[in-house]
**Q** 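Encoded as structure tokens, here's the structure I'll be asking about.
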Amino acid sequence: MSTDLPADLHYTVEHEWLKDGSPSTIGITAVAADALGDIVYLELPKVGEEIVAGAVVGEIESTKSVSELFSPVSGTVTEINQDAVDDPSVVNSDPFGAGWLLKVEVSSTGPLLTAEEYAAQTAG
Amino acid sequence: MTQNPEQDVLSPLHDEHVALGAALTSFAGWQMPLRYSSDIAEHQAVRAAAGLFDLSHMGELWITGPEAAAGLDAALVGNLSAVTLGRARYTMICAEDGGVIDDLVVYRRGPERFLIVANASNVHVVREALLERLAGFDATLTDESLTTALVAVQGPRAEEILTGLTAAADVETVRSMPYYAAAEATVDGHAALVARTGYTGEDGFELFVPAAEAPALWRALLAAGEPLGLVPAGLSARDSLRLEAGMPLYGNELDRTTTPHDAGLGRVVKLDKVAADGSPLPFVGRAALEARAHASGARTLVGLVGLGRRAARHGYDLVASTEPDAPTVGTVTSGAPSPTLGHPIAMAYVTPELSAEGTELAVDVRGRREPVRVVALPFYRRPR
């Protein structure tokens, strides 16, 4: 299990990460990307859409399975990563960088974990 | 199947998988490698060069004795007494009602010796059914599932890789071995049963060796194959390869509610088996399968190609069209994005009127209806 989690990010129990900003950035963790296997398709919300913390906002499909993307925050989608939609393998190769998924103008956040808390949760 | 990883059996190659950094999964009561690096890369390596698979979870049952052949003729749907020494046969064990208990590969190793390879999840039920069915025959069943390791080298370079490790005296045996045959050969110093069989749609070999010898053989095959493009490949690649090759998977295309005919495999049911006096030979399931062979209107297995990007999966509803109110017309048995073809593929059961090539249907992909088209199986056939 990878332990090199960026310390400046927030995490969810559903394996999303959130980087604070204006707007904030959302992706999935390396743990989630590894577990899914080769990602082949991303279904993401549209720019301008209002999303709700804890709700399903997309789907991540790999060769072996399909996983739901839960939003860690409530707010308005300002941008989606079209490069990742076009070539989802970037989510596997660089989940914390070029494989980001959404940018969101955040109005409120759901329950978030620190890197340490997330690492403790995924270690088991 | 309930998954309880703490009680899983470990493959004799478990330490090799851990050393290679495999993602392990609980499968049919075993901890087995799901993937080592990337599902797609492993899949493509098997199509382009070669892959090395650990199949030690499969069951190995030996049937020996003067009436082994006659007993298997009565127990299975195939004509096993007609199998030539050294050859193998794909067959099934069915229930009285014609439902499939398991699909099997049976190797004839002697006039009175047969090796049956059963699916890991079915070894117990196959063994119990065989013990019951062979009770009146002079034949003995020996279950060597836990002491036998099975390693497969699959792909266009499999023969080159294997012969490079084979004792000089056995090289020609391996090289000239036809598909669905097997022979004893010494590979990297290990006495192995080498079979030209597999489950990937490629040329390839399966090697049966004592469990204790498997790690050394595995490392030798990896070392010899890596310069030629061989990679270790996990269950994930195995599943996408067999799906492209249109091969059925027990629990998906085959189960107790399915007959061999439903799956398009009616040819394995030998209704022309006869006893010594020329009368039809009884075997378990015969009456039901005879009726099914002549039934019209029964369901049939078809191939589907997805016209969108989203893949149908096992258990999804097949519907008549992309219209929201279109009725359900079948169930997807297996589905995945095809790494070789670049679009989603699936298999499903439909009624005969919907089974013609080119028929346009749709799949309910988590509430959205994605168009699919019926195509002939297999999706992929290797160039020869």
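Computation of the quantities below employed the complete heavy-atom set of this structure, encompassing side-chain atoms and omitting hydrogens, waters and symmetry-equivalent molecules. Naming: A, B, ... by sequence-line order, numbering from 1 per chain.
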**Q** Counting only non-hydrogen atoms closer than 4.5 Å, does B:A23 touch chain A with its backbone (N, CA, C, O), its side chain (CB onward), both, or neither?
**A**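 Neither the backbone nor the side chain of B:A23 comes within 4.5 Å of chain A.
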**Q** Inspect the contact between B:R382 and B:E244 and indicate whether a charged nitrogen and a carboxylate oxygen are less than 4.0 angstrom apart.
**A** no
**Q** Is it true that atom CG of B:D255 has more than 12 heavy atoms of other residues, nucleotides or ligands lying nearer than 6.0 Å?
**A** yes
**Q** Answer with side chain, backbone, both or neither: which region of B:S240 has an atom nearer than 4.5 Å to a non-hydrogen atom of chain A?
**A**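 No part of B:S240 comes within 4.5 Å of chain A.
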**Q** Quick one: does NZ or CZ of A:K19 land under 6.0 Å from the six-membered ring centre of A:W17, within 45 degrees of the ring axis?
**A** no
**Q** Just so I know, are the side chains of A:L9 and A:F96 near enough to count as touching, which here means a heavy-atom distance under 4.5 Å?
**A**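 A:L9 vs A:F96: side chains touch.
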**Q** So what's closer than 4.5 Å to chain B heavy atoms on A:S89: side chain, backbone, both or neither?
**A** neither
**Q** Indicate yes or no: at least one non-hydrogen side-chain atom of A:N81 is less than 4.5 angstrom from one of A:L102.
**A** no
**Q** Heavy atoms under 4.5 Å from chain A: which residues of residues 30-56 of chain B carry them?
**A**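 Expected list: B:R35, B:S38, B:D39, B:I40, B:A41.
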**Q** Taking the six-membered ring for Trp, are the ring centroids of A:Y118 and A:H15 within less than 6.0 Å of each other?
**A** yes
**Q** Hey, does the side chain of B:R373 reach the backbone of B:E360 with a donor-acceptor pair shorter than 3.5 angstrom?
**A** no
**Q** Based on non-hydrogen pairs under 4.5 Å, which of B:G335, B:S236, B:S338 is most in contact with chain A?
**A**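 That would be B:S236.
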**Q** Please flag which part of A:L36 lies under 4.5 Å from any non-hydrogen atom of chain B: side chain, backbone, both or neither.
**A** backbone
**Q** Residues in ring-ring contact (aromatic ring centres under 6.0 Å, His included) with B:H57, at least two apart?
**A**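 Residues passing ring-ring contact (aromatic ring centres under 6.0 Å, His included) with B:H57: B:F27.
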